Amino acid sequence: MDVDVRRPDPDQLHTFRHLLGLAFGFDPDPDEEKRFLELIEAERTRCAFDGDEMVGTATAFSLDLTVPGGTVPCAGTTMVTTKPTHRRRGILRALMAAHFDEVVERGEPVAALWASDSAIYGRFGFGQASEGVEVTVARSEDPLHRLAPEPSPVELVDVDTARKVFPEVFEQVRVRRPGCYARSAVWWEHRHFHDPRQRRDGGTQQRLCVTRSNDGEPTGYVRYRVEAKWEEHHGAGVLTVLELQATTPEAAAGLWRFLLTHDLIAKVVAHDRPVDDPLFELLAAPRRARRVTTDALWLRIFDVPAALEARRYRGPASFVFDVSDPTGRSGGTFRLEIDEAGHARCRPSRGPVDLRLDIEDLGSAYLGAPRFARSLRAGRLDGDPATAVRADIAFTWDPPPWCPEVF
Ligand SMILES: CC(C)(COP(=O)(O)OP(=O)(O)OC[C@H]1O[C@@H](n2cnc3c(N)ncnc32)[C@H](O)[C@@H]1OP(=O)(O)O)[C@@H](O)C(=O)NCCC(=O)NCCS
């Protein structure tokens, strides 16, 4: 089908939002349009048109993404839709081609996204680069393990205090944790502190708490809400954690104990926790944490040398990767030389090749999750198993990747 993909005029962003509602199944609230326009990067939007009719949307946030040992400019691919009347006619393919051109023009070595369905984006070279854990823990009066540190006291704060304290804490987490990205003041306001009734899913408005060190420095925060329920005359509410960040073990222990002992609830639910959440080590009864692990951030490499040089590794090591790309954009053979300090140099090479892999699987390994050996065992990449293990050792990072927010 012939569609024209181009930047929409400013007065067409209203229609853009209407398409988001049609595709994702919500009714755009007119009161939210101003905030939407403040957050969106209009110059990065691309729309597909069938004649004059807008039939597809895509855009990106310009992210400063944390990678092992550094940060990299990253296109945060988002709001990708095809109008329900025009699905499966190649509009997503056309939008992705235009979006990729724009990413390459800007010189962003990588793009990342959250996928509404995990079957969609591998064909475009995105790989599962981080996992998130949905965790449900039953309330208990004394939840912490005997070896847990002394929990920090928890303070309920108003939104003005949170506006000052939360970004300070988050910044300390963000620079260490691959998969996090910097948040502007507008981002904090619209995506974290703004709390309209339609986002609450029947729960209370969000409650905001902080922890501090003995000398008063902020060390953690949580945003949560409670949905009150009663069963057989007992409180059976659900406490949902919206975001929890802690920079010390005492802060993590304090925040989790506060949530898990909350009165009149039956359970605490958190939808996106890191695979190494201290919670799992802090619980006296770890099996009470029911965990469902799922793919989270998907990452696509555009410029292999620039991307691989932007992160650190466990060195020294040397590999020649033969990378294929289903879109034909970024493949090639590259030598990665990692020095003692973990800095890398990456250049095109003529081989001999150590590992042959798809750009999707290189993207999966990029943020520091161990991927090579398991992909090789699954038959997705070719090479010597011992080399795949060595590559895992070089690429794996502590802490493991985590993206604490869907965008
Ligand atoms: C997902 C969506 C954008 C796909 O758009 P589309 O225009 O129908 O997709 P295309 O026709 O260009 O399909 C491109 C390819 O992706 C595949 N594909 C599209 N949607 C898919 C899905 N949900 N699951 C698996 N594969 C899918 C197509 O089969 C096609 O495969 P091929 O070209 O390799 O044979 C569209 O269905 C949509 O708007 N869904 C609701 C919103 C959404 O989920 N957006 C994605 C946000 S991350």
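Start at 1 and go down the list; that is how both ligands and their atoms are numbered. Quantities reported herein were computed from a predicted structural model and do not represent experimental measurements.
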Has Arg300 got a side-chain atom pairing as donor or acceptor with Leu113's backbone, closer than 3.5 angstrom?
no
So Phe100 and Phe124, would you call those rings parallel, tilted or perpendicular, with 30° and 60° as cut-offs?
perpendicular
Any N or O on Val80 sitting closer than 3.5 Å to an N or O of ligand 1?
yes
Could you work out, for atom 34 (O) of ligand 1, the closest of Arg87, Arg123, Arg89 by heavy-atom distance?
Arg123
Is Ser116 close to ligand 1, meaning an N/O of one under 3.5 Å from an N/O of the other?
yes
Does a side chain donor of either Thr82 or Arg89 reach within less than 3.5 Å of an acceptor in the other side chain?
no
Please write down residue, atom name and distance for the protein heavy atom closest to atom 25 (C) of ligand 1.
Ala119 CB, 3.7 Å
Taking only heavy atoms of Thr81, which atoms of ligand 1 are found under 4.0 Å from at least one of them?
39 (O)
For residues Val320 and Gly351, report the shortest heavy-atom separation together with the two atoms involved.
CG1-CA, 4.0 Å
Answer with side chain, backbone, both or neither: which part of Trp114 has a heavy atom less than 4.0 angstrom from an atom of ligand 1?
backbone
Considering heavy atoms of the protein only, find what lies nearest to atom 8 (O) of ligand 1 and give residue, atom and distance to 0.1 Å.
Arg88 N, 2.6 Å
Heavy atom of the protein closest to atom 1 (C) of ligand 1 (residue, atom name, distance):
Ile120 CD1, 3.7 Å
Quick one: look up the protein heavy atom nearest atom 41 (C) of ligand 1 and list residue, atom name and how far away it is.
Ala23 O, 3.6 Å
the protein heavy atom lying closest to atom 33 (O) of ligand 1 turns out to be Arg93 NE, 2.9 Å
Between Glu360 and Tyr121: side-chain donor-acceptor atoms closer than 3.5 Å:
no
Applying side-chain hydrogen bond (donor to acceptor under 3.5 Å, both in side chains) to Arg212 and not counting sequence neighbours gives Glu155
Verify the distance criterion only: is there a donor paired with an acceptor across the side chains of Arg356 and Ser324 at less than 3.5 Å?
no
Name all residues meeting the side-chain hydrogen bond (donor to acceptor under 3.5 Å, both in side chains) criterion together with Glu33; count only those two or more places apart in sequence or in a different chain, and write none if there are none.
His14, Arg17
Who's the nearest protein heavy-atom neighbour of atom 42 (C) of ligand 1, and how far?
Phe24 CE2, 3.7 Å
For ligand 1 and Gly90, I'd like to know whether there is a polar contact (N/O to N/O, distance under 3.5 Å).
yes
Which atoms of ligand 1 are found less than 4.0 Å from any heavy atom of Tyr121?
46 (C), 47 (C), 48 (S)
Ligand 1 N/O within reach of Leu92 N/O, cut-off under 3.5 Å:
yes
What orientation do Phe258 and His262 show, parallel under 30°, tilted 30 to 60°, or perpendicular over 60°?
perpendicular
Quick test of your reading of the structure: of Thr82, Asp117, Ile91, whose heavy atom lies closest to atom 5 (O) of ligand 1?
Thr82
Determine if the distance from atom 31 (O) of ligand 1 to the closest protein heavy atom is below 4.0 Å.
yes
Return the orientation label for the Tyr181 and Phe407 ring planes: parallel under 30°, perpendicular over 60°, tilted otherwise.
perpendicular
